[in-house]
There are 2 protein chains.
Amino acid sequence: MPIVVQKYGGSSLADAESIKRVARRIAETRKGGHEVVVAVSAMGDTTDELLDLAQGVSPLPPPRELDMLLTAGERISMALVAMAIHDLGLTARSFTGSQAGVITDGVHGRAKIIDVTPGRITGALEDGHVVIVAGFQGVSQTTKEITTLGRGGTDTTAVALAAALGAEVCEIYTDVDGVFTADPRIVPAARKLSRISAEEMLELAASGSKVLHLRSVEYARRYDIPIHVRSSFTPKEGTIVSDHPGPEGEAVEAPIIAGVAHDLSEAKITVVGVPDQTGKAAQIFHAVAVAEINIDMIVQNVSATETGLTDISFTLPKTDGQRGMQALQAIQAQVGFAGLQYDDQIGKLSLVGAGMRSNPGVSATFFRALADAGVNIEMISTSEIRISVVTRSELLDEAVRAVHTAFGLDSEDGEAVVHAGTGR
Amino acid sequence: MPIVVQKYGGSSLADAESIKRVARRIAETRKGGHEVVVAVSAMGDTTDELLDLAQGVSPLPPPRELDMLLTAGERISMALVAMAIHDLGLTARSFTGSQAGVITDGVHGRAKIIDVTPGRITGALEDGHVVIVAGFQGVSQTTKEITTLGRGGTDTTAVALAAALGAEVCEIYTDVDGVFTADPRIVPAARKLSRISAEEMLELAASGSKVLHLRSVEYARRYDIPIHVRSSFTPKEGTIVSDHPGPEGEAVEAPIIAGVAHDLSEAKITVVGVPDQTGKAAQIFHAVAVAEINIDMIVQNVSATETGLTDISFTLPKTDGQRGMQALQAIQAQVGFAGLQYDDQIGKLSLVGAGMRSNPGVSATFFRALADAGVNIEMISTSEIRISVVTRSELLDEAVRAVHTAFGLDSEDGEAVVHAGTGR
């Protein structure tokens, strides 16, 4: 029988009723003639509740023990899903990440999957069981310690299982209907995409779209696993993420632009008055790298000839802001810059589409739309299939709508739907 | 360094403050020059909450998945205790039952420990860590499935670890000050025992005393591990359970009677009008055994000569009452008895003491005390160091007090203490 891997997130497993609904959907897939392997997240807010417990006993809990704690969340949900499936007359076996053979490196809190050895899963499938696997977790190759993959890691678990098992498709069940041309909460006319290339999805995920975890898209692209993003609340088809054309050659008709992503999670640090000498920028970014901070966009001003000084700005996750400032303050005397500015009132807008490779007019239309909407641009970065700009955060929604309209992405019938109270 | 194993139950781990207090006590023991290995239960009511979740998705959850679910409780508490210890400047490593090498048979829900292979524990101790182990759980030898030991199983985990590690002592921390001559909630004058033999403790635990889990006492006796039962709420010494005399020869001065236990958890089934023929009783108890019900006391009336019929009564856990009645109803026609009576208004009182072996006056004093208190006796059973009787449940407290006084067990200064709201 062909294998389908399904992933259900915390919002699809919020309570007993949700778990029973998920079990019914799994049972339907099984009865429809597929082997089913399911990766589950922790129920609802469980992970946050466990983090609160940890904070209650220790302000800086050791990462090994934090992983041990958090993995209890998926253990609870996987056992409950297995029970609910049993109650429908099928048999199910739940497995922890370790039991399922999800082998990772040893970095607690953000481990990377380096191998999947699914012997117990295939054994259980051969015995006729539905298999439920705890998402978000694995076991380190060398030390046999329990690890977690970081927030959103269950998407990656599902894709990695799909790759290891040779699954037909990896279905990611979530609380929205699929991948949209923009966030429907900001652009009510946003349309659901029936198909998107993995390359474009990767750029959208890296640009703030939260519907799929970035690493899971990387993994799916590397192992050529089609992902089907769909809602666990309706039977409707969602969005297929694949670099291959669909059965009716849908990818051939792909539009120039896949969508508009936005991101309010970043801040900007400006290093003011940096001596315009070889090696100064290297010192700055070395210090940031040592602090294990991922920087995103960088702008260096043209040096003012009379002073020999320049400003360097870069963006980084707000959550890393304090650490970034501290790392730079520590090297101020050594580098000899004048000061630091921290700005967390920025927003990033990204336009993504494989079609922009062969359509030179895209950037002109893009900047025209922003200018017409009165949006000032502070930073720009591009890839082959993406243009990103940083603006004031309060202008971001308007900017997203303007760009969405300019590229003809607005739906005519306003069909875009997110489920009340669950959209994200 | 000598090794101490400590066990903390759910009531000692009810919230963040309790966990921090437990961590301080562990740290003191470590700093006092001992290696420390700790077995923990799930926090407070976690196990009941997880059982409620299971009931929410399935009326009859499969035992394998129930074990997978329940073991999340100890995983949470062990990680939190390890974090709290880190916060005190020591290092700690938590291990699941499986990681700690607690090998069991494959009976989900009430597995028995068959071996402990503590390689990871000793490795962590050698690296200078405090070790925290999830109680109540293990992994089955043949199928590598996660198992649980049944309610109270963390006591057994602790004793099994102490035996495997050659620990000096197994300290069982609880919410009472030790083992008392009777339940202080019923007998305010009950005294804490400073020492009790494992043999007597076994009889007390089998007779309704809840301070130690029966199987843990069996295990400690078999492997000759001294248990120190004490309160996690005070630094006071508790009760040593050991068949060896203490440093000052305390066991030599042991009183005739160790204590009075009571039990309200049993019911009585009477099979009425059983034909007084060979094999009828065997049929009845075979049916009960097949239903996997543990019966306790049995009484068969003298047969009434004129009818050739007799009555057989036995006691069993109330929780097995319904199953017991069904098993007997199913064989009524075959055995030919007249009917069944179910009585859950009984109470059992047991007097335990190694000294009764050589003191023939014990039973006379015992029955005199009950008679003087107006307590009618419905069933009697004895072992070499125990006398148990069944009475009406509403007379039980009065009976316990009468016997306690008759054997001179009442303390003169009324020192017995249970902590408000936590006594059990």
Exercise for the section: Identify which part of Ile19(A) has an atom lying under 4.5 Å from any heavy atom of chain B, answering side chain, backbone, both or neither. Expected result: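 Only the side chain of Ile19(A) comes within 4.5 Å of chain B.
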For [X], does the [atom1] atom sit with more than 12 other heavy atoms under 6.0 Å from it, leaving out its own atoms?
X	atom1	answer
Leu60(B)	CG	no
Gln326(B)	CD	yes
Arg110(A)	CZ	no

Side chain, backbone, both or neither: which part of [X] has a non-hydrogen atom closer than 4.5 Å to chain A?
X	answer
Thr143(B)	backbone
Leu80(B)	both
Ala23(B)	neither
Arg93(B)	both
Leu50(B)	side chain
Leu66(B)	both
Thr71(B)	both

For each of [options], tally heavy-atom pairs with chain A at distances under 4.5 Å, and name the one with the top tally.
options	answer
Lys20(B), Glu65(B), Met78(B)	Glu65(B)
Ser77(B), Ala92(B), Pro62(B)	Pro62(B)
Glu145(B), Arg120(B), Glu17(B)	Arg120(B)

State, with a plain yes or no, whether a side-chain heavy atom of [X] is found less than 4.5 Å away from one of [Y].
X	Y	result
Ile146(A)	Gln99(B)	yes
Pro61(A)	His86(B)	no
Ile76(B)	Leu53(A)	yes

Practice task
Indicate yes or no for a side-chain donor-acceptor contact from Arg75(B) to the backbone of Leu69(A) under 3.5 Å, with no hydrogens or angles considered.
Solution key: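 No, the answer is negative, given that no donor and acceptor are paired below the 3.5 Å cut-off.
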Problem - Backbone of Ser94(A) reached by a side-chain donor or acceptor of Arg64(B) within 3.5 Å - result: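 Judged by distance alone, yes, a pair lies under 3.5 Å.
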Exercise for the section: Specify which of Ala54(A), Ala72(A), Gly73(A) makes the most heavy-atom pairs with chain B at under 4.5 Å. Expected result: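 Sorted descending by pairs with chain B, the first entry is Ala72(A).
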Exercise for the section: Grab the two heavy atoms, one from Pro59(A) and one from Asp87(B), that are nearest each other, plus how far apart they are. Expected result: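 Looks like CD-OD1, 3.3 Å.
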Exercise for the section: Determine the minimum heavy-atom distance between Ala16(A) and Gly56(B), stating which atoms define it. Expected result: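 Answer, listing the atom of Ala16(A) first, then Gly56(B): CB-O, 3.6 Å.
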